[in-house]
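Heads up: the structure comes next, in structure tokens.
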2 protein chains.
Amino acid sequence: MKEEFYTLKGYRIKNEEILSSSMEDYIEMIYRLSQKSDEVRVSDLSLALNVRPPSTTKMIKRLAKENYVVYERYGCIKLTEKGRDVGSKLLERHRIIFEFLECLGVKENILEQTEKIEHAVNNDVLEKINELTKVLKDEILPF
Amino acid sequence: MKEEFYTLKGYRIKNEEILSSSMEDYIEMIYRLSQKSDEVRVSDLSLALNVRPPSTTKMIKRLAKENYVVYERYGCIKLTEKGRDVGSKLLERHRIIFEFLECLGVKENILEQTEKIEHAVNNDVLEKINELTKVLKDEILPF
DNA sequence: TTAGAATGTTAGCTTTGGCTAACATGTTTT
DNA sequence: AAAACATGTTAGCCAAAGCTAACATTCTAA
């Protein structure tokens with residue numbers, strides 16, 4: 001199985017990825033906000049993600065069409081079962097990358113780096129990073 | 001300095017990043033191809049990156065406008081000083097991520113994962129990963 | 001209860017980076 | 001040198017994901 005180069009967009013198309021990075025960002029954030037309060041609204045999400053409300057409305061419609069959330073105009077945003085499943089995985093992925101970076105000693109822009117890297121890794125790499133972090137944590141922390 | 005969430009696109013805008021992922025992919029590949037032969041043409045680049053020639057033409061024009069390459073219609077593509085600088089850094093970044101993944105034991109889609117992750121990391125994280133890989137390599141390789 | 005403020009939606013614009021179809025240029029072969 | 005082929009460019013389309021401006025709805029408080 002030859003491996004070939006593609007552009008980022010090329011990989012997305014080639015692999016028929018179902019969730020774009022943005023969709024992941026929104027679902028992840030809805031999940032996070034849902035844990036604090038079960039009234040998640042367009043304004044909360046916009047604020048949390050630093051986007052304007054119309055962008056949120058547009059994305060929510062898309063997520064609703066693809067059954068990640070239930071939403072009706074002017075209402076509040078609820079994750080579906082499917083959305084919750086995805087959301088919890090995304091949050092776990094975030095946690096794993098964040099802890100790895102912490103463990104590496106990253107101090108500046110750690111959130112930004114987490115957010116960027118999390119969209120890049122597949123399950124295999126994620127698991128391996130997770131294992132590595134565990135090892136680093138209790139074997140060579142003074143590194 | 002509070003850290004806030006953004007979408008991927010949001011980070012790009014906020015940081016006024018000068019090179020998009022695609023631009024990086026093209027420059028990196030031109031650099032790679034230039035090492036094999038100094039006649040890099042639109043068709044070579046298209047083939048290498050799995051994009052259609054019109055996409056390459058368009059991007060080359062952009063890279064030329066921003067002084068990463070010198071190009072004239074139907075001619076061949078040459079990196080400028082600036083382009084070579086960037087290119088060699090991109091290749092080095094690629095190498096560091098690739099070796100890290102190898103070291104993690106990644107076998108499947110290692111090139112794809114490298115290509116995705118390399119666009120995500122900043123210099124700080126890159127250096128830290130580089131250090132870590134060195135340590136892993138000669139201290140705990142049987143891991 | 002109605003006016004004003006706050007929140008949400010719509011319409012329509014922008015950029016990026018793909019694509020195809022059609023055309024232009026260059027190269028090779030007869 | 002002309003025909004045929006290979007390569008490159010142009011024009012114009014598309015989707016994603018942002019944005020602003022204008023409008024609609026809902027909430028709050030006088």
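The chains referred to below are lettered A, B, ... by the order of the sequence lines, with proteins before strands, and numbering in each begins at 1. The shown structure was predicted, so the numbers you read here are calculated from the model rather than taken from an experiment.
Between the CZ atom of R41(B) and the C1' atom of dT9(D) there is a distance of 14 Å, rounded to whole Å. We find that CD of E17(B) is positioned 13 Å from P of dT16(C), with the value rounded to whole Å. What separates CG of L19(A) from P of dA17(D) is a distance of 10 Å, to the nearest Å. Rounded to an integer number of Å, the gap from E24(A) CD to dA17(D) P is 11 Å. In this structure, D44(B) atom CG and dG8(D) atom C1' are separated by 12 Å, rounded to whole Å. Taking atom NZ of K65(A) as the reference point, atom P of dA17(D) lies 13 Å away to the nearest angstrom. Nucleotide dA16(D) holds its C1' atom 16 Å from the CD1 atom of I60(A), rounded to whole Å. In this structure, the CG atom of L47(A) is 15 Å from the P atom of dA6(C), given to the nearest Å.
Other residues, nucleotides and ligands contribute only 12 or fewer heavy atoms inside 6.0 Å of the CD atom of E108(B). The number of heavy atoms from other shown groups lying within 6.0 Å of CD (Q35(A)) is above 12.
In this model, the phosphate group of dA17(D) is not approached by any side-chain N or O of R12(B) to a distance below 4.0 Å at OP1 or OP2. Contact annotation: S20(B) side-chain N/O to dG17(C) OP1/OP2 distance is under 4.0 Å. The side chain of S43(B) contributes an N or O atom lying less than 4.0 Å from OP1 or OP2 of dG8(D). Applying the 4.0 Å criterion to OP1 and OP2 of dG18(C), one finds that S55(B) has every side-chain N and O outside that range. A close approach under 4.0 Å does occur between a side-chain nitrogen or oxygen of S22(A) and OP1 or OP2 of dG18(D). Under 4.0 angstrom from either OP1 or OP2 of dT7(D) there lies no side-chain N or O belonging to R73(B). Residue T7(B) places none of its side-chain N or O atoms closer than 4.0 Å to OP1 or OP2 of dA17(D). Contact annotation: R52(A) side-chain N/O to dG18(D) OP1/OP2 distance is not under 4.0 Å. Y71(B) has a side-chain polar atom (N or O) that falls below the 4.0 Å cut-off from OP1 or OP2 of dT9(D). Distances shown here put a side-chain N or O of Y26(B) below 4.0 Å from the OP1 or OP2 atom of dG18(C). Remark: R62(A) is in phosphate contact with dA16(D), judged by side-chain N or O atoms under 4.0 Å from OP1 or OP2.
Ring geometry for F100(A) versus F100(B): interplanar angle under 30°, hence parallel rather than tilted (30 to 60°).
Mapped onto DNA chain C by nearest heavy atom, Y74(B) and K58(A) fall at different nucleotides, with K58(A) at the one closer to the 5' end. Nearest-nucleotide assignment on DNA chain C puts the 5′-proximal partner with P54(A), out of P54(A) and M23(B).
For dG18(C), the base has no donor-acceptor partner in the side chain of K9(A) [N/O atoms by modelled type, under 3.5 angstrom].
Among D25(A), L19(A), I97(A), the one residue that satisfies the side chain to side chain contact (heavy atoms under 4.5 Å, CB included) test with H119(A) is D25(A).
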For V51(A) and Y26(A), what are the C-alpha separation, side-chain angles and deciding distance, and is it a side chain to side chain contact (heavy atoms under 4.5 Å, CB included)? CA-CA 10 Å; V51(A) 296; Y26(A) 283 88; 3.5 Å; yes

Report the C-alpha separation of Q113(B) and D124(A) in whole Å, then their side-chain angles, then the decisive distance to 0.1 Å, and conclude whether the side chain to side chain donor-acceptor pair (under 3.5 Å) test is met. CA-CA 10 Å; Q113(B) 281 292 294; D124(A) 176 39; over 6 Å; no

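Counting non-hydrogen atoms under 4.0 angstrom, Y6(A) reaches nothing in the nucleic acid.
Which of dC19(C), dG18(D), dT9(D) sits closest to the side chain of V51(A) comes down to dG18(D).
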